[in-house]
Amino acid sequence: MGDPRALSREAALRLGPPQWKHACHALLYAPCPERLFGKIPLRFAVLMQMRFDGRLGFPGGFVDLRDTSLEEGLNRELREELGPGAASLHIAELDYMSSHASENPQRVVAHFYAKQLCLDELRTIEEGATRAKDHGLEVMGLVRVPLYTMRDGVGGLPAFLSNTFIGNARDQLVHALETFQLVPREQLQKAVSTAQK
Ligand code: APR
Ligand code: MG
Ligand code: MG
């Protein structure tokens, strides 16, 4: 079997403990009208985090299937990792995007969510992030994803995609950028192929 492999939410929920652990992560984004250097449109602000293991990923983490729903577990992890600015953030089943099961290095089912906020809400989260319980521990800092490609064809999104990501976070990011049209399709395809070279 491929690792990770995509599966439906129902099939994913049938993979129970103790063999399988479940984790939920969320992509938060907001329309952003600002321009870099007064020229390059930012289009959207998309949040990721630098993790404790030096890889990029999304906020979220392990959930316990026995005593909470996936979304309850996700919202708890988001409060721990994002801090006071996320107090009124609530991710619901409606925000669910996908599930992937992987066997290596351990059996984990990763569920992925995405939610659009307004820029003020996203900024509030960023401002509170250094006061999060996990700041400096599990989370080394929040980052925004550069969605543009600079004139050299590499700076911006292609260079960002060349980083190391946890699990299938890179694919989750690219899929969300495509689904919500956060980057024009042709530009996204080019950035992905440049980053793979
Ligand atoms: N896509 C797919 N899988 C992911 C993603 C992602 N975007 N992000 C993380 N994972 C997988 C990884 O395998 C990861 O180890 O889910 C697992 C749990 O996610 P974390 O966010 O790392 O978990 P968290 O609950 O926040 O805890 C962090 O503390 O208790 C320890 O050992 C535990 O590694 C864990 C760490
Ligand atoms: Mg955590
Ligand atoms: Mg985490």
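Quantities reported herein were computed from a predicted structural model and do not represent experimental measurements. Counting starts at 1 for both ligands and their atoms, following the listed order.
Ligand 1 lies out of reach of Gly57, whose nearest heavy atom is not under 4.0 Å from it. Contact between Phe52 and ligand 1 is present, with at least one heavy atom of the residue lying under 4.0 Å from the ligand. Put simply, part of Arg51 is less than 4.0 Å from ligand 1, judged by heavy atoms.
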Worked verdict on His135 versus Thr130 for side chain to side chain donor-acceptor pair (under 3.5 Å): CA-CA 6 Å; His135 177 72; Thr130 56; 5.4 Å; no
Evaluate side-chain contact (heavy atoms from CB on, under 4.5 Å) for Val139 paired with Leu82, printing each intermediate quantity in order. CA-CA 9 Å; Val139 184; Leu82 296 174; over 6 Å; no
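Proximity annotation for atom 26 (O) of ligand 1: of Glu81, His22, Gln172, Gln106, Glu81 comes nearest, heavy atoms only. Distances from atom 2 (C) of ligand 1 to the heavy atoms of Asp134, Ile166, Asn168 put Asn168 nearest.
Summarising the local packing, CD of Gln19 is surrounded by more than 12 heavy atoms from other residues, nucleotides or ligands at distances under 6.0 Å.
Atoms of ligand 1 lying under 4.0 Å from at least one heavy atom of His25, given by number and element, are 4 (C), 5 (C), 8 (N), 9 (C), 10 (N), 16 (O), 19 (O), 20 (P), 21 (O). Residue Glu77 approaches ligand 1 through these ligand atoms, each under 4.0 Å from one of its heavy atoms: 25 (O), 26 (O). Close approach of ligand 1 to Gly60 (heavy-atom distance below 4.0 Å) involves ligand atoms 21 (O), 26 (O).
Here the CG atom belonging to Leu89 is positioned 5.5 Å from the CG atom belonging to Leu28, to the nearest 0.5 angstrom. Taking OH of Tyr113 as the start and CG of Leu94 as the end, the distance is 11.0 Å to the nearest 0.5 Å. A distance of 10.5 Å separates CG in Leu78 from NE2 in His90, rounded to the nearest 0.5 Å.
The pair Glu71-Arg9 counts as a salt bridge, with a side-chain nitrogen and a carboxylate oxygen less than 4.0 angstrom apart. For the pair Glu126 and Arg144, the salt-bridge criterion is met [side-chain N within less than 4.0 Å of a carboxylate O]. With respect to Arg76 and Glu80, a salt bridge is recorded, a charged nitrogen being found less than 4.0 Å from a carboxylate O.
Here the protein heavy atom with the shortest distance to atom 16 (O) of ligand 1 is Ala23 CB, 3.5 Å. Summary of contacts: the protein heavy atom closest to atom 13 (O) of ligand 1 is Val108 CG2, 4.2 Å. Atom 35 (C) of ligand 1 has as its closest protein heavy atom Phe62 CE1, 3.8 Å. At the top of the distance list for atom 24 (P) of ligand 1, counting protein heavy atoms only, stands Gly61 CA, 3.6 Å. Protein heavy atom nearest atom 27 (O) of ligand 1, with residue, atom name and distance: Glu138 OE1, 3.5 Å.
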Could you pull out every donor-acceptor pair under 3.5 Å between side chains of residues 146-153 and any protein atom, sequence neighbours left out?
residue, atom, partner, partner atom, Å
Asp152, OD1, Val154, N, 2.8
Asp152, OD1, Gly155, N, 2.8

What side-chain donor-acceptor pairs closer than 3.5 Å can you find for residues 159-168, not counting sequence neighbours?
residue, atom, partner, partner atom, Å
Ser162, OG, Pro158, O, 3.0
Asn163, ND2, Phe160, O, 2.9
Asn168, ND2, His100, ND1, 3.1

Kindly list each side-chain donor-acceptor pair under 3.5 angstrom involving residues 37-64, sequence neighbours excluded, with atom names and distances?
residue, atom, partner, partner atom, Å
Arg43, NE, Leu182, O, 3.1
Gln49, NE2, Glu81, OE1, 3.2
Arg51, NE, Asp53, OD1, 3.1
Arg51, NE, Asp53, OD2, 3.2
Arg51, NH2, Asp53, OD2, 2.9
Asp53, OD1, Arg55, N, 3.1
Asp53, OD2, Arg55, NH1, 3.3
Asp64, OD1, Arg66, N, 3.0
Asp64, OD1, Arg66, NE, 3.2

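Below 3.5 Å of separation, one finds no N or O of Gly167 facing any N or O of ligand 1. Considering both main-chain and side-chain atoms, Ala110 never comes within under 3.5 Å of ligand 1 through any nitrogen or oxygen pair.
Inside a sphere of radius 2.8 Å centred on the Mg ion (ligand 3), the protein N/O/S atoms present are Gly60 O, Glu81 OE2.
Gln106 is listed as a side-chain neighbour of Lys21, based on a closest heavy-atom distance under 4.5 Å.
Under the 4.5 Å side-chain heavy-atom criterion for ILVMFWY residues, no single connected hydrophobic cluster contains both Leu173 and Tyr96.
Protein heavy atoms all stay at least 4.0 Å away from atom 32 (O) of ligand 1.
Contacts between Lys21 and ligand 1, counted as non-hydrogen atom pairs separated by less than 4.0 Å, are absent for every part of the residue.
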